[in-house]
Amino acid sequence: MKFLDQAKVYVESGQGGPGAVSFRREKFIEYGGPDGGNGGRGGDVWVECVDGLNTLIDYRYQQHFRAQRGGHGMGRSRTGADSPPVVLKVPKGTEILDEDGETLIADLTEIGQRVLLCKGGDGGHGNEHFKSATNRAPRRGDPGWPNESKWIWLRLKLIADAGLVGLPNAGKSTFLSRVSRAKPKIADYPFTTLKPQLGVVRFKDHEFVLADLPGLIEGASEGAGLGTRFLGHVERCAVILHLLDGTEPEPVKHWRMIRKELAAYGAGLEDKPEIIGLNKADAIPPDELKAKVQKLKRAAKRPVFVLSGVSGDGIDAVVQALYEQVAMTRAEEKAAAGL
């Protein structure tokens with residue numbers, strides 16, 4: 001299945017149906033009177049968060065969604081039919097933005113959550129509605145009420161507990177394949193990962209979701225490489241796992257570069273808890289590895305985990321640190337929300 005995390009669509013509700021102008025005419029009925037029915041209601045446009053979706057690819061092939069107008073009112077006091085609603089189904093974690101791409105309309109984070117995008121127009125009154133003691137034969141039938149329409153952006157931000165960031169070829173996909181049953185593409189060249197990958201990590205009797213994101217390079221905030229577009233998926237993460245390639249001569253320089261790109265993106269990513277992992281430890285001489293770890297500790301002012309995605313050394317300690325940080329952050333979020 002192809003991955004698409006952003007789409008622009010046009011939504012339009014249905015107009016209300018017009019009311020009817022009609023008079024009762026039957027044999028042997030001397031005074032028929034008005035019997036024009038009201039128009040039907042136009043269809044609404046809703047967006048609903050559903051299970052079983054993880055991409056917005058459906059909206060690449062259809063960008064216009066229009067509800068039907070309400071039915072015409074008819075004689076014999078018959079009301080026009082109401083039109084059915086149009087429902088846009090989106091995956092969990094989808095944001096609905098206005099046409100400017102900045103104004104947030106809704107954030108769908110729970111399955112079954114529904115939001116009304118465009119309300120259908122009410123049906124117009126038929127002439128039976130206007131009859132009175134002083135106006136016994138009204139010839140007035142109102143048109144239906146107007147509809148609503150707008151362009152909106154759908155932006156998917158995956159619901160993950162932890163996010164993997166780092167330079168291309170730092171071993172992020174290999175790490176994800178070791179700690180979960182995910183099968184990301186793994187190769188010995190940069191930008192192997194072109195779209196986010198999710199994996200469920202099991203730690204003792206607990207589970208959490210880990211997201212592997214495409215690699216960042218210097219100048220990504222200005223559009224270099226794949227840019228920072230996929231960093232939106234990290235905004236919902238409780239912790240960031242920053243993997244560094246230990247075989248590179250200056251991992252500290254690479255760590256600072258990625259931190260700079262996170263800060264340039266904004267959205268509070270630079271303030272999220274960070275766990276640093278020095279990967280590919282099996283390919284580094286012990287003395288060189290020790291020196292690089294000490295430099296990283298001094299620069300980052302936090303512990304540095306040494307691991308190897310190929311041999312599996314040090315992975316359990318990283319997974320434990322990730323789970324503990326995820327549990328702590330989620331507990332703080334619930335306490336702040338008063339839950």
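Positions are given from 1, in the same order as the sequence printed here. The figures here come from the full heavy-atom set of this structure, side chains too, leaving out hydrogens, waters and symmetry mates. If you're wondering where the values come from, they're calculated on a predicted model, not measured in any experiment.
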Please test S77 against D35 for side chain to side chain donor-acceptor pair (under 3.5 Å), starting from the C-alpha separation and ending with a verdict.
CA-CA 5 Å; S77 303; D35 66 350; 5.4 Å; no

Assess the residue pair W151 and H64 against the criterion (side-chain contact (heavy atoms from CB on, under 4.5 Å)); give the C-alpha distance rounded to whole Å, side-chain angles, the decisive distance to 0.1 Å, and a yes or no.
CA-CA 9 Å; W151 283 94; H64 296 80; 3.7 Å; yes

So L289 and L278, side-chain contact (heavy atoms from CB on, under 4.5 Å) or not? Walk me through it.
CA-CA 9 Å; L289 177 62; L278 191 62; 3.7 Å; yes

Just do the side-chain contact (heavy atoms from CB on, under 4.5 Å) check on R256 and K260 with the steps written out, would you?
CA-CA 6 Å; R256 285 177 175 153; K260 178 183 176 183; over 6 Å; no

Would you please test E12 and R66 for salt bridge (charged side-chain N to carboxylate O under 4.0 Å, His left out) and show each step?
CA-CA 5 Å; E12 181 180 339; R66 295 181 174 92; 3.3 Å; yes

Set out, in order, the CA-CA distance, both residues' side-chain angles and the distance that settles side-chain contact (heavy atoms from CB on, under 4.5 Å) for V45 and E148, then state yes or no.
CA-CA 9 Å; V45 179; E148 298 177 0; over 6 Å; no

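Atoms CD and OG1, on Q325 and T329 in that order, are 4.0 Å from each other to the nearest 0.5 Å. Taken to the nearest 0.5 Å, the NE2 atom of H242 stands 7.5 Å off from the CG atom of L262. Put simply, CH2 on W145 and CD on Q15 are 13.0 Å apart, with the number rounded to the nearest 0.5 Å. Taken to the nearest 0.5 Å, the CD atom of Q68 stands 12.5 Å off from the OG atom of S13. One finds the SG atom of C237 at 10.5 Å from the CG atom of L322 (value rounded to the nearest 0.5 Å). Distance check, rounded to the nearest 0.5 Å: OG of S180 to CG of D212 gives 9.0 Å.
Looking only at distances, a side-chain donor or acceptor of K272 sits under 3.5 Å from a matching main-chain atom of E235. At distances below 3.5 Å, at least one donor-acceptor pair connects side-chain atoms of K172 with backbone N or O atoms of L167. Here the side chain of D161 pairs a donor or acceptor atom with the backbone of V209 at under 3.5 angstrom. Although no hydrogens or angles enter the test, the distance criterion places a donor-acceptor pair under 3.5 Å between the side chain of T55 and the main chain of L4. The closest donor-acceptor contact from the side chain of K292 to the backbone of E248 lies under 3.5 Å. Between the side chain of D98 and the main chain of D100, no donor-acceptor pair closer than 3.5 Å is present. Counting only distance, with no hydrogens or angles, the side chain of R259 and the backbone of E270 share a donor-acceptor pair below 3.5 Å. The closest donor-acceptor contact from the side chain of N127 to the backbone of V21 lies at 3.5 Å or more, if one exists at all.
Taking hydrophobic clusters as Ile, Leu, Val, Met, Phe, Trp and Tyr residues chained together by side-chain heavy-atom distances below 4.5 Å, Y323 does not share a cluster with I276. Under a hydrophobic-cluster definition in which Ile, Leu, Val, Met, Phe, Trp and Tyr are linked whenever side-chain heavy atoms come within less than 4.5 Å, directly or via other members, I284 and V252 are assigned to the same cluster. Tracing side-chain contacts under 4.5 Å through hydrophobic residues (I, L, V, M, F, W, Y), one never reaches F305 starting from V293; they form parts of separate clusters. Residues W46 and V11 fall into different hydrophobic clusters, defined by Ile, Leu, Val, Met, Phe, Trp and Tyr side chains chained together at heavy-atom separations under 4.5 Å. Residues M74 and F130 fall into different hydrophobic clusters, defined by Ile, Leu, Val, Met, Phe, Trp and Tyr side chains chained together at heavy-atom separations under 4.5 Å.
Side-chain contact between Q113 and K92: absent, with no pair of heavy atoms (C-beta onward) separated by less than 4.5 Å. Considering only heavy atoms from C-beta on, V179 comes within 4.5 Å of I315 through its side chain. Counting heavy atoms from C-beta outward, L117 and F65 have side chains that stay 4.5 Å or more apart. In this structure, R236 and D107 have side chains that are in contact, with non-hydrogen atoms separated by less than 4.5 Å. Side-chain contact between H125 and N38: present, with at least one pair of heavy atoms (C-beta onward) separated by less than 4.5 Å. Between V319 and F208 the shortest side-chain heavy-atom distance falls below 4.5 Å. Side-chain contact between F175 and L241 is present, with at least one heavy-atom pair separated by less than 4.5 Å. Considering only heavy atoms from C-beta on, L156 comes within 4.5 Å of P91 through its side chain.
In E274, the CD atom is crowded: over 12 heavy atoms of neighbouring residues, nucleotides or ligands sit closer than 6.0 Å. Within 6.0 Å of CZ in R76 there are 12 or fewer heavy atoms belonging to other residues, nucleotides or ligands. Within 6.0 Å of CZ on R302 lie more than 12 heavy atoms contributed by other residues, nucleotides or ligands.
The pair E48-K89 does not meet the salt-bridge criterion, since no charged nitrogen lies less than 4.0 angstrom from a carboxylate oxygen. Look at E26 and R24 and you find a salt bridge, because one of the NZ, NE, NH1 or NH2 atoms lies within 4.0 Å of a carboxylate O, short of that distance. Comment: K119 does not engage D44 in a salt bridge, judged by the lack of any side-chain N to carboxylate O separation of less than 4.0 angstrom.
Shown here for R41 and G120, the closest heavy-atom pair between the two residues is NH2-O, 3.7 Å. In terms of heavy-atom proximity, A20 sits nearest to G73 at CB-O, 3.2 Å. Shortest non-hydrogen contact noted between R136 and A133 is NE-O, 3.6 Å. Here the closest heavy-atom approach between residue G171 and residue N279 is recorded as CA-ND2, 3.5 Å.
None of V239, V304, I240 except one satisfies the side chain to side chain contact (heavy atoms under 4.5 Å, CB included) rule with I275; the exception is V239. Applying side chain to side chain contact (heavy atoms under 4.5 Å, CB included) to C49 and the options I111, T94, V115 leaves one that passes, I111.
In summary, the side chains of D282 and S308 do present a donor paired with an acceptor at a separation below 3.5 Å, with no hydrogens or angles considered.
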